[in-house]
Amino acid sequence: MQEKTTHKQIKTRKLWFTLDNAAKIFPAVMNRKLTTVLRISAVLKEPVIISALMRAVTHAEKRFPYYLVQLKEGFFWYYLEHIPEPIPVETDTQKPCRIFPRNGLLLRVLVKDRQISLECSHILTDGGGALYFLKSLLKYYSEELAKPEETVSEEKYPDYNIPEEEYEDSYKRYFRENIPPMVSRSRAYHLPFTLNPKSRFCIRRYHVSMQDIKAAASEKNVTITDYLVAVYMCALQEVAENQDIRQKNSLNRRVRVQVPVNLRNIFPSVTMRNFSLFVMPEIDLRLGHYNFDEILKAVYHQIRLETDEKLINKNISRNVGSEKKIYVKSIPLFLKSLILRINYYTKGTNQYSGVVTNLGKVKLEEGTPPFVDHFIFSPPPPNKILKVGCGIVGYADKLVISFGNITKTDLFERTFTGILHKKGITVEAEQTRKEKS
């Protein structure tokens, strides 16, 4: 029988667990600028009622007690330990995706006018887990709107029986022994833009007609993700050609984009921790210029090949297998962190040119009224090699594309949206949100 845990049991027994396989890298690399914090926002049709939201957050704390944890440092590994603190609900006035303080929770709820935002560390969960939490919070909020006279009290909420699968490390569950390792990839092309030393992190958002993008993707018999990844690669190619770097950087002419894949759609997992891997479609600019259809063809076939379950198993086995080795387990944490930090840049980031994360089209939890206007997904601040990151999410008839940029220019965003305009797709720029970091 599947083990279940209640909120009260977790509070009394001091739950703790090791970081999942995807989370292990983040404590080693995160800092004030590379925060590893993602944000998902729901923009409502009416202003947020704070009292109802506070009660909804109290409800969510009982439903998701395994998110009430802090990062702790052991001798060999970091781990997560339960702390009896409420999820902070703050006015959304500070910079987005800022780092969490030490010895505190790894998520926060932010509110401003009509917008409810969830920010969480990638140590805690990925975009799929964060989105499910936010959708649940919105459901509780809608239920509380009918009770404006009530006060916050966790006693009035049920003490849920939480399946332990919800906070398991699903990478370990689906790890298989004796699978050959993945082949490492060559260094990829990277945007040549100058970093912005002061107002470092800038988020630019664009609203795209869902009808237009669906029609464009359907015409080519591909998904919206396929189409937008192809546009992203097309924009990278255009920047590379216009910068005339062929002679300066002739070896790094592979345009390769990392596309996260939600493994809950491939394996029967209900984990609310990280459970995603990535595929990396690519083109080699040394072979000449690619037109859009050629890029789209490459993206379409490479994504389907790399999301084959056998290749996914190969990827899981590579990642989990390394941490299971005896000599890796015995390395002290400070040395592990140094090795992970070096590998993050030399064997990780160097292999791809950018990241495109599409959370898909959001469907609200059953029973939630349609009081949301649109959603926004802001990816974590990119590192100094990638420079620009992209997050996509759709709801109803609106698709929102967010770029997180740490450079002095918006050339890449203008190139990307210019390609969409040329394809007849309606794009509207939202106001720029620029914050000091």
Sequence neighbours excluded, every pair satisfying salt bridge (Lys or Arg N to Asp or Glu O under 4.0 Å) that has a member inside residues 216-236: Lys220-Asp293, Asp226-Arg304
Min side-chain heavy-atom separation Val355-Pro260 under 4.5 Å: yes
Partner set under salt bridge (charged side-chain N to carboxylate O under 4.0 Å, His left out) for Lys139, not counting sequence neighbours: Glu143
Shortest non-hydrogen contact between Val259 and Val229, atoms and distance: CG2-CG2, 3.8 Å
Leu68 CG to Glu61 CD distance, which is reported to the nearest 0.5 Å: 5.5 Å
Side-chain ion pair, Glu166 and Arg63, N-O less than 4.0 Å: yes
Residue pair Glu413 / Asn405, side-chain donor-acceptor N/O under 3.5 Å: yes
Pairwise side-chain contact, Ser41 with Phe377, heavy-atom cut-off 4.5 Å (strictly under): no
From CA spacing to verdict: side chain to side chain contact (heavy atoms under 4.5 Å, CB included), Asp20, Lys172: CA-CA 8 Å; Asp20 60 66; Lys172 289 183 178 177; over 6 Å; no
Side chains of Val427 and His421 in contact at under 4.5 Å (non-hydrogen atoms): yes
From Ser121 atom OG to Asn274 atom CG, the distance as rounded to the nearest 0.5 Å: 8.5 Å
Side-chain heavy-atom pair Gln211, Asp397 within 4.5 angstrom cut-off: no
Salt bridge (charged side-chain N to carboxylate O under 4.0 Å, His left out) partners for Arg173, two or more places apart: Glu165, Glu168
Approximate separation, where rounding is to 0.5 Å, of Phe76 CZ and Thr18 OG1: 14.5 Å
Under 3.5 Å side-chain donor-acceptor pair for Asn196 and Thr407: no
Steps toward side chain to side chain donor-acceptor pair (under 3.5 Å) verdict (Gln115, Ser117): CA-CA 6 Å; Gln115 183 167 302; Ser117 299; 3.2 Å; yes
Selection residues 370-379 - residue pairs positive for side chain to side chain donor-acceptor pair (under 3.5 Å), sequence neighbours left out: Asp373-Lys398
N-O pairing of Asp92 and Arg39 below 4.0 Å: yes
Atom pair CG (Leu131) and CD1 (Ile40), whose distance is rounded to the nearest 0.5 Å: 5.0 Å
Greater than 12 external heavy atoms within 6.0 Å of Glu85's CD: yes
Nearest heavy atoms of Pro381 and Leu34, plus distance in Å: O-CD1, 3.5 Å
Full working for side chain to side chain contact (heavy atoms under 4.5 Å, CB included) between Lys24 and Tyr78: CA-CA 8 Å; Lys24 281 184 166 64; Tyr78 286 97; over 6 Å; no
Pairs meeting criterion side chain to side chain donor-acceptor pair (under 3.5 Å) with involvement of residues 380-396, two or more places apart: Tyr344-Asn383, Thr349-Asn383
Close side-chain approach of Tyr171 to Leu263, heavy-atom, < 4.5 Å: yes
Arg341/Leu338 under side chain to side chain contact (heavy atoms under 4.5 Å, CB included): CA gap, chis, key distance, verdict: CA-CA 5 Å; Arg341 196 176 305 121; Leu338 177 61; 3.9 Å; yes
From CG (Leu80) to CG (Leu19), nearest 0.5 Å: 4.5 Å
Spatial distance of atom CZ (Arg108) from atom CD1 (Ile87) [nearest 0.5 Å]: 12.0 Å
Residues in ring pair (Phe, Tyr, Trp, His ring centres under 6.0 Å) contact with Tyr345, at least two apart in sequence or another chain: none
Mutual orientation of the aromatic rings belonging to Phe278 and Tyr352 [parallel < 30°, tilted 30-60°, perpendicular > 60°]: tilted
Partner set under salt bridge (charged side-chain N to carboxylate O under 4.0 Å, His left out) for Arg176, not counting sequence neighbours: none
Donor-acceptor under 3.5 Å (Gln258 side chain, Val356 main chain): no
Mutual orientation of the aromatic rings belonging to Tyr232 and Phe403 [parallel < 30°, tilted 30-60°, perpendicular > 60°]: parallel
Of all pairs that satisfy salt bridge (Lys or Arg N to Asp or Glu O under 4.0 Å), the ones with a partner from residues 122-137, not counting sequence neighbours: Asp126-Arg264, Lys135-Glu365
Minimum heavy-atom distance Phe412-Ala235, with the two atoms named: CE1-CB, 3.6 Å
Exercise: do Asp212 and Thr426 side chains pair donor with acceptor under 3.5 Å: yes
Stepwise side chain to side chain contact (heavy atoms under 4.5 Å, CB included) test for Leu137 and Leu118: CA-CA 10 Å; Leu137 179 61; Leu118 169 70; 6.0 Å; no
Cationic tip of Lys72 above Trp16 ring, under 6.0 Å, 45° of axis: no
With sequence neighbours excluded, residues passing side-chain hydrogen bond (donor to acceptor under 3.5 Å, both in side chains) with Asn315: Arg318
Val400 side chain reached by Tyr206 side chain, heavy atoms, under 4.5 Å: no
Heavy-atom pair with the smallest gap, counting every atom of Met233 and Val257: CG-CG2, 3.4 Å
Pairs meeting criterion ring pair (Phe, Tyr, Trp, His ring centres under 6.0 Å) with involvement of residues 27-59, two or more places apart: His59-Tyr140, His59-Tyr157, His59-Tyr160
Residues in salt bridge (charged side-chain N to carboxylate O under 4.0 Å, His left out) contact with Glu90, at least two apart in sequence or another chain: Arg98
Test item: Val261 and Ser276 side chains (from C-beta on) under 4.5 Å apart, heavy atoms: no
Residue pair Ala28 / Leu340: nearest heavy atoms and the distance that separates them: CB-CB, 3.9 Å
Heavy-atom pair with the smallest gap, counting every atom of Pro379 and Gly389: CG-C, 4.1 Å
Any Phe267 side-chain heavy atom under 4.5 Å of Asn313 side chain: yes
Partner residues of Phe133 under the ring pair (Phe, Tyr, Trp, His ring centres under 6.0 Å) criterion, sequence neighbours left out: Phe64, Tyr67
